[in-house]
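Right, one structure below, let's go through it.
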Amino acid sequence: MDEQIPELATPYRFEKSDSTASVRERFGDIETATMTDQRVNVAGRVMLLRVQGKVAFAELRDETGAVQLFARPNDLNSFERFCNLSLGDWIGVSGLVGKTRRGELSIFIDDLKVLAIARRGFGDKWHGITDVDTRYRQRYVDLWTSPTSRNILSTRFKVTSLIRRFLEDRGFVEVETPILHPLAGGALARPFKTHHNALDMDLFLRIAPELYLKRLIVGGFEKVFEIGRVFRNEGISPRHNPEFTMLELYEAYADYQDIMLLTETLISDIVVAIHGSTKISYQGEQLDFSVPWERSTLEELASTSTGLEISLDTPMEVLKSYADQFGISSEPGWGPGKLVLEIYEKTTESKLWNPTFVTDFPTEVSPLSRDHRTKPSRVERFEAIVAGRELANAFSELVDPDEQRARFKHQVELGRQGDDEAMSMDEDYLRALEYGMPPTGGLGIGIDRLIMLLCDTSQIREVIAFPVMREEQR
RNA sequence: GCGCCUCUAGCUCAACGGCAGAGCAACGGACUCUUAAUCCGCAGGUUCUGGGUUCGAAUCCCAGGGGGCGCACCA
């Protein structure tokens, strides 16, 4: 079936019996300088080749690892071809497993099929490619030449799978909501704009799935989540890619305290699944994800950190003078809530190392969160801060359409004053709330940031297979 | 968007005002148990681009482009 008659033709399929890892697992223990009678078929890329006259060695690498191939002209008719392989060629081989005199587990091959040739070289076999630009543009090479790149991405893909399993085990349903939005709502950010020709209508790439997920709650789905790409038209930096992945989930009948429990359990479970412990090292320091995480209000944390009394009840003039003191240039529309938030972000957030729930944000800066049940001017909202950065944002959802309308109005006013990240009035969302939304807790987690923590990298582009790059100059 | 750094062979890097080089890869050859195999040979360049200074520029200066880092914005 898969005979190779024409010289340049390569087969359409190859029947693998083993991965390199399963060869290692099955035969790793055999004695040095012995042969088994066990035949294996493996496939992958030739990453090293050592031809030594009448005997040749190659390192065959696949998704799971690598194994040595051993070839001799007596055993292998196409020995000549084997010796002429290029680094990077894809081959499928068959042979008996044994160990060489030096104790290296090897496949003593008697059949070779060239599955694909590498017309381009793989770079320095020791250094691989280190040019960062080339690495990201040509990930397909980078994944073969830098093991950490492969590990990071494979961790990433594993984590999203773990999240799905965790949430599905708890009765959450994975849903999909629109990416093309007539209004870019659900977060404070500048959107990408696009256009639908047939409808002659401007659309925005979503900056958050939030408002549609909550419409699903109104529609009767009680526990929903979406892991999806969101798009924000902002600068690119080591921590920002214009498209990134968010997990958002909404649970009817839950409040932000319930969501806090869910969040710390979810994250610490993932940390344990990946690292085998709740304690991991990040950028040279230890992070401890063991539950329960610290819980403190934003005002308490800001006050402790600055040694000043920072609260919504602090007189405006005093807050403004503190802001000045910390180099924050306050703007006309800012009330006490915005000032307190800015002071907290400037002075406190980056100092919070171990996972901390920062709670009870000012209503003024939380247009979609429900008023705190006992504290006026505050909402039932928390952010989870890890290693000085926001990992999660969550709240008891605002379900009152009148209050939501008032919050949107305030946003529209901010927009009029020049805040180009302010939200718009979303009449359809308000209509949904008017039909009645049950008490609901919601959560958003930046998946890329989570992977950065798990993989001990400070570069968001390391955790994205194909980060946004400027157009390549040719 | 602003500041600083950087760009040399396919890859990793030298040369830092005086003839552009090495290792790996490629190509030709030797080699029957290697481990980044080794050895011999051969080839490889608009030194990111364009100006300028200089007897002479990869090197110094200016402008542009790519990339990195920091700041700002944000998740």
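Proteins come first, then strands; the chains are lettered A, B, ... in the order of their sequence lines, and each starts at number 1.
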Are A:W90 and A:W144 an aromatic pair, judged by ring center distance below 6.0 Å? yes
How is [X] classified with respect to the nucleic acid when contacts are heavy atoms under 4.0 Å: base, sugar-phosphate, or nothing?
X	result
A:P73	nothing
A:N241	base
A:Q459	sugar-phosphate
A:G444	nothing

Can you label the angle between the A:F57 ring and the A:F70 ring as parallel, tilted or perpendicular, going by 30° and 60°? perpendicular
What class does the angle between the rings of A:F361 and A:Y344 fall in, given that below 30° is parallel, 30 to 60° is tilted and above 60° is perpendicular? perpendicular
Just to be sure I understand: a Watson-Crick pair is purine N1 to pyrimidine N3 plus N6-O4 or O6-N4, both under 3.5 Å. Using that and G-U wobbles, which stems of three or more pairs involve RNA chain B? B:1-7 with B:65-71, B:10-13 with B:21-24, B:27-30 with B:38-41, B:48-52 with B:60-64
Less than 4.0 angstrom from a charged side-chain N to a carboxylate O is my criterion; do [X] and [Y] meet it?
X	Y	result
A:R137	A:D142	no
A:R229	A:D448	no
A:R61	A:E59	yes

Mind checking the [atom1] distance from [N] to [M]? Whole angstroms is fine.
N	M	atom1	value
B:U54	B:C39	C1'	46 Å
B:G10	B:C48	P	12 Å
B:A57	B:A72	C1'	38 Å
B:C71	B:U59	P	32 Å
B:C5	B:A9	C1'	24 Å
B:U35	B:A25	P	14 Å
B:C73	B:G51	P	41 Å

Figure out the [atom1]/[atom2] separation between [X] and [N], and round it to whole Å.
X	N	atom1	atom2	value
A:R137	B:C7	CZ	C1'	14 Å
A:L453	B:A75	CG	P	16 Å
A:R206	B:A75	CZ	P	16 Å
A:I328	B:C71	CD1	P	16 Å
A:F244	B:C73	CZ	C1'	13 Å
A:L69	B:A37	CG	P	14 Å
A:F231	B:A75	CZ	P	17 Å
A:W144	B:G10	CH2	P	25 Å

The contact string for nucleotides 22-35 of chain B, one letter per nucleotide 5' to 3', using protein heavy atoms under 4.0 Å with B, S and - for base, sugar-phosphate only and none, comes out as -BSS-----BBBBB
Does any donor atom in the side chain of A:E294 or A:T356 lie under 3.5 Å from an acceptor atom in the other side chain? no
Can you spot which of A:R381, A:Q404, A:K214 makes a side chain to side chain donor-acceptor pair (under 3.5 Å) with A:E397? A:K214
Assert: residue with more 5' nearest nucleotide on RNA chain B, out of A:N393 and A:S237, is A:S237
Would you say that more than 12 heavy atoms from the other residues, nucleotides or ligands in this model lie under 6.0 Å from the CD of A:E413, or not? yes
Assess the residue pair A:D62 and A:S19 against the criterion (side-chain hydrogen bond (donor to acceptor under 3.5 Å, both in side chains)); give the C-alpha distance rounded to whole Å, side-chain angles, the decisive distance to 0.1 Å, and a yes or no. CA-CA 7 Å; A:D62 67 7; A:S19 65; 4.8 Å; no
